[in-house]
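Because only heavy atoms are used, hydrogens play no part in the values below, and waters and symmetry mates are left out as well, while side chains stay in. Sequential numbering from 1 along the given sequence is applied to the chain's residues. Quantities reported herein were computed from a predicted structural model and do not represent experimental measurements.
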Amino acid sequence: MAACMKFTQRVWKSFLDAKAGHDAQCFPHLQILRAKPGIVETALEIQSSNLNRVGTVHGGLLLSLTDTLGSLAVASRGHFMTGLSTDVTTSFVRPAGTAGDTLYAKATLTSLGRQVAYTRIDFTNAKGELVAYGTHTKYVGKSASDPKNVTFSDDGEQIIEKASKE
């Protein structure tokens, strides 16, 4: 398994290890299907707890996933600590499914600077139809120097540098 995928899964596990935390409570079954530098693809089987009162995916789930998956997109570039959210938006295109359906997402890091990162998340159903999309802006200034950060080869296959312990 590529280094980028392993690292991104390790970051996701750190989210879940906070057992009482939001991610562990809302979508503990989120699967990372692929990760390469700047892109993370996931799947989530929709549970009854993910639904609104009319039986379709609750918009809050999609907004929350926009936040979390934006963070994982930052992680896919070697950031163990993924910064602080400054802005999160989600636009809803069509119902995202019901219990038992699978929701797919592709999180893309569109820009990573010294202080700020920008991401876009596209959500699709099993037919490949866009159901929602979101953007997530993160302040990464302090997290960029975390000692657990790494640098990947361009293809994400190898770690070429571990952060120095400052």
Side-chain angles (χ1 to χ4, degrees), residues 1-47 50 61-90 96 102-124 126 128 130 132-166:
M1 180 185 314
C4 180
M5 178 71 162
K6 284 183 185 178
F7 183 83
T8 304
Q9 287 178 326
R10 189 172 121 218
V11 172
W12 174 236
K13 183 181 180 313
S14 76
F15 287 19
L16 293 178
D17 285 348
K19 301 255 186 259
H22 180 77
D23 298 307
Q25 296 299 310
C26 292
F27 29 85
H29 304 295
L30 179 74
Q31 297 177 308
I32 298 174
L33 303 176
R34 281 174 283 294
K36 60 183 185 177
I39 298 174
V40 177
E41 295 178 28
T42 65
L44 177 69
E45 183 179 332
I46 299 167
Q47 308 295 309
N50 302 139
L61 176 77
L62 293 165
L63 181 63
S64 185
L65 280 168
T66 298
D67 185 326
T68 295
L69 298 178
S71 296
L72 292 179
V74 172
S76 75
R77 285 289 302 272
H79 285 237
F80 186 81
M81 299 305 289
T82 57
L84 302 169
S85 299
T86 63
D87 185 58
V88 181
T89 64
T90 304
T102 301
L103 177 67
Y104 296 94
K106 181 178 181 181
T108 304
L109 183 65
T110 57
S111 179
L112 177 62
R114 290 183 183 167
Q115 301 291 318
V116 180
Y118 299 92
T119 66
R120 177 184 164 108
I121 297 79
D122 290 320
F123 297 96
T124 56
L130 184 70
Y133 59 92
T135 60
H136 187 198
T137 307
K138 301 207 61 147
Y139 169 70
V140 294
K142 292 184 180 179
S143 61
S145 62
D146 189 275
K148 293 180 184 175
N149 290 354
V150 299
T151 302
F152 298 114
S153 57
D154 288 341
D155 61 6
E157 291 294 318
Q158 299 176 12
I159 293 174
I160 58 173
E161 182 181 339
K162 292 187 177 185
S164 62
K165 297 190 181 193
E166 297 177 2

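- Minimum heavy-atom separation, G128 to T124: O-CG2, 3.9 Å.
- Between L63 and V88 the shortest side-chain heavy-atom distance falls below 4.5 Å.
- How far CG of L72 is from CG of D23: 8.0 Å, rounded to the nearest 0.5 Å.
- Shortest non-hydrogen contact noted between T82 and S71 is CG2-O, 3.2 Å.
- Atom OG1 of T42 sits about 7.5 Å away from atom CZ of F123, to the nearest 0.5 Å.
- Looking at every heavy atom in both residues, V140 comes nearest to V116 through CG2-N, 3.8 Å.
- Annotation: D17, atom CG; neighbour count of heavy atoms from other residues, nucleotides and ligands within 6.0 Å is above 12.
- F80 has its side chain within reach of R10: a pair of non-hydrogen atoms, C-beta onward, lies under 4.5 Å apart.
- Distance check, rounded to the nearest 0.5 Å: CE of M5 to CD of E41 gives 9.5 Å.
- Looking only at distances, a side-chain donor or acceptor of N149 sits under 3.5 Å from a matching main-chain atom of S143.
- What you find for P37 and S153 is that their closest heavy atoms are CG-O, 4.0 Å.
- Rounded to the nearest 0.5 Å, atoms OG (S14) and CD (Q9) are 12.5 Å apart.
- Q31 contributes no side-chain N or O that, together with a main-chain N or O of H29, makes up a donor-acceptor pair within less than 3.5 Å.
- Distance alone, capped at 3.5 Å, is enough to place a donor-acceptor pair between the T110 side chain and the Y118 backbone.
- Taking OG1 of T119 as the reference point, atom CD1 of I39 lies at 12.5 Å (rounded to 0.5 Å).
- The main-chain N or O of G70 is never found under 3.5 Å from a side-chain atom of K138 such that the two would form a donor-acceptor pair.
- The CG atom of L103 lies 9.0 Å from the CG atom of N50; values are rounded to the nearest 0.5 Å.
- Checking side-chain atoms of T102 against main-chain N and O of A126 turns up no donor-acceptor pair under 3.5 Å.
- No more than 12 heavy atoms of other residues, nucleotides or ligands shown are found within 6.0 angstrom of OH on Y133.
- H136 contributes a side-chain N or O that, together with a main-chain N or O of D67, makes up a donor-acceptor pair within less than 3.5 Å.
- Judged purely by distance below 3.5 Å, without hydrogens or angles, the side chains of T8 and S76 never pair a donor atom with an acceptor atom.
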Applying side-chain hydrogen bond (donor to acceptor under 3.5 Å, both in side chains), run through T86 and T137 and close with a yes or a no. CA-CA 6 Å; T86 63; T137 307; 4.6 Å; no
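- Across all non-hydrogen atoms, the minimal contact from A105 to I121 is CB-CG2, 4.2 Å.
- Below 30°, between 30° and 60°, or above 60°: for F7 and F152 the angle between ring planes is above 60°, a perpendicular geometry.
- Residues L33 and Y104 have side chains in contact (heavy-atom distance under 4.5 Å, counting atoms from C-beta outward).
- Across every non-hydrogen atom of I159 and K162, the tightest pair is CG2-CG, 4.2 Å.
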